[in-house]
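When reading the values below, keep in mind they use all heavy atoms of this one structure, side chains included, and skip hydrogens, waters and symmetry mates.
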Amino acid sequence: MVPYVSFKSDDKSAIALEVFHTIKSVPLHCHDFQEFVLITKGSCIHHFNDLSMPLIPGDVFLVPPHKKHGYTIETPVSMYNCQFYPNQIADWWNEQFGTILNNLTAPENDKPVYPADLNRQHIIHLSVQDAKRIQVMMDIILKEQIEQRYAFQQVKQDYLNLILVIITRARLEQYANLQKGEHSSQNIVTEAQQFIEENLAEQIDFSDYARVNSISPGYFRATFKAATGLPPVEYLNRLRMVRAIEYLKNQVVPISEVAATVGIYDANYFSRLFRKFIGYSPREFRNRVKKER
């Protein structure tokens, strides 16, 4: 039986915030509150809705009550975990903010699962600026939770509301062009994902790919982003970094060889890209993995 975890605050704000810096996996569990999670450093695998998807910094997602989920963590990861009871915040709260919570629907299970496809687990990938804004706001919530100064409960609620507005805006932009039921569009995206998986170590030009397949490059990019939540190039780079994490666990393989294995033949560019996505340089990442073992 999957265990339930307890709420992490006893004040009357109905909001609790935790910050994790860990390399320990979190087994499947449930809770009776809403929860959203922001990844700030490192990477892990999230198990939710019968799918397992890699997460990287900037990813944020919501987990509704009574849904089991967990994490496989093999390398250092940092995340913010915000728990809350909507019905206890304010009478008007659900009317204004309930939509974003209700949008968490079960993914379609009749399509192949690709590890960079955000829409399959309703992951929202924030811009660097939005991720930093939300992290600062959650630090304020945590400080208010600890210090409990005058009106701290109201401050926690106000910042939660603002965070959810930012997440909602990011979600609307990410899913703006998503149209379900377009069979031809789904085929275009599925075939492109398969092509990327099979040619990850090669130089991929998506404009050439679109033309070879008799598709307008602009239409291809829009269709791909609508279906996966990411533009093709960002999807490709995300997948390359997820694969690189696995190869970097082998301490004896040169970083330049890891880079080439995922299709990047400039080691300096690979290091910059890895830091951008994961939050550490490849060398720092390896040192942290080695230290934690």
* Arg272 CZ to Ile264 CD1 distance, which is reported to the nearest 0.5 Å -> 10.5 Å
* **Test side chain to side chain contact (heavy atoms under 4.5 Å, CB included) applied to Asp59 and Leu38, step by step** => CA-CA 6 Å; Asp59 287 348; Leu38 172 67; over 6 Å; no
* Where do Tyr247 and Arg286 come nearest, in terms of heavy atoms and distance? -> O-NH2, 4.1 Å
Return all side-chain donor-acceptor pairs below 3.5 angstrom for residues 141-151, not counting sequence neighbours, or 'none' if the list is empty.
| from | atom 1 | to | atom 2 | distance (Å) |
| --- | --- | --- | --- | --- |
| Gln145 | OE1 | Leu17 | N | 2.9 |
| Gln145 | OE1 | Lys156 | NZ | 3.3 |
| Gln145 | NE2 | Leu17 | O | 3.1 |

* Pairwise distance CD(Gln34) to CD1(Ile89) - rounded to 0.5 angstrom -> 9.5 Å
* Step by step, would you call Glu198 with Gln194 a side-chain hydrogen bond (donor to acceptor under 3.5 Å, both in side chains)? -> CA-CA 6 Å; Glu198 294 173 353; Gln194 184 175 350; 3.1 Å; yes
* **Where at least one partner belongs to residues 23-37, residue pairs that pass salt bridge (Lys or Arg N to Asp or Glu O under 4.0 Å), sequence neighbours excluded** => none
* Asked: Is it true that the side chains of His47 and Thr72 contain a donor and an acceptor less than 3.5 Å apart?
  -> yes
* Please confirm whether Phe285 and Phe274 have ring centers closer than 6.0 angstrom. => yes
* With under 30° as parallel and over 60° as perpendicular, where do the rings of His69 and His31 fit, or are they tilted in between? -> perpendicular
* Run the ring-centre check on His66 versus Tyr4 and record whether the distance is less than 6.0 Å. => yes
* Asked: Do the side-chain N and O atoms of Trp93 and Asn161 include a donor-acceptor pair separated by under 3.5 angstrom?
  -> yes
* Can you tell me how far CD1 of Ile188 sits from CD1 of Ile215, rounded to the nearest 0.5 angstrom? -> 4.0 Å
* Shortest non-hydrogen contact from Met138 toward Tyr80 -> CE-CB, 3.3 Å
* Aromatic ring centroids of Phe220 and Tyr209 under 6.0 Å? -> yes
* Criterion salt bridge (charged side-chain N to carboxylate O under 4.0 Å, His left out) on Arg211 and Asp205, from CA distance to verdict -> CA-CA 10 Å; Arg211 293 189 187 99; Asp205 185 316; 5.4 Å; no
* Salt-bridged, Lys225 to Glu234, with N to O below 4.0 Å? -> no
* To do: Tell me, with the steps shown, if Ile15 and Cys82 meet side chain to side chain contact (heavy atoms under 4.5 Å, CB included).
  => CA-CA 7 Å; Ile15 300 166; Cys82 185; 4.0 Å; yes
* To do: Any chance you could lay out the ring-ring contact (aromatic ring centres under 6.0 Å, His included) test for Tyr265 and Phe270, step after step, and finish with the verdict?
  => CA-CA 8 Å; Tyr265 296 91; Phe270 170 75; over 10 Å; no
* To do: Walk me through it: do Leu273 and Arg240 pass the test side chain to side chain contact (heavy atoms under 4.5 Å, CB included)?
  => CA-CA 10 Å; Leu273 194 63; Arg240 281 174 166 164; 5.8 Å; no
* Asked: So His46 and Ile123, side chain to side chain contact (heavy atoms under 4.5 Å, CB included) or not? Walk me through it.
  -> CA-CA 10 Å; His46 185 222; Ile123 299 165; 5.9 Å; no
* Structure fact -> When rounded to the nearest 0.5 Å, the distance separating NZ of Lys132 from OG of Ser127 is 10.0 Å
* Below 4.0 angstrom, N of the basic side chain to O of the carboxylate: do Lys41 and Glu284 qualify? -> no
* **Counterpart residues, salt bridge (Lys or Arg N to Asp or Glu O under 4.0 Å), relative to Glu18 (two or more places apart)** => none
* To do: Flag the pair Phe84 / Phe33 as yes when their ring centroid distance falls below 6.0 Å, and as no otherwise.
  => no
* Around atom NZ of Lys68, are there more than 12 heavy atoms of other residues, nucleotides or ligands at under 6.0 Å? -> no
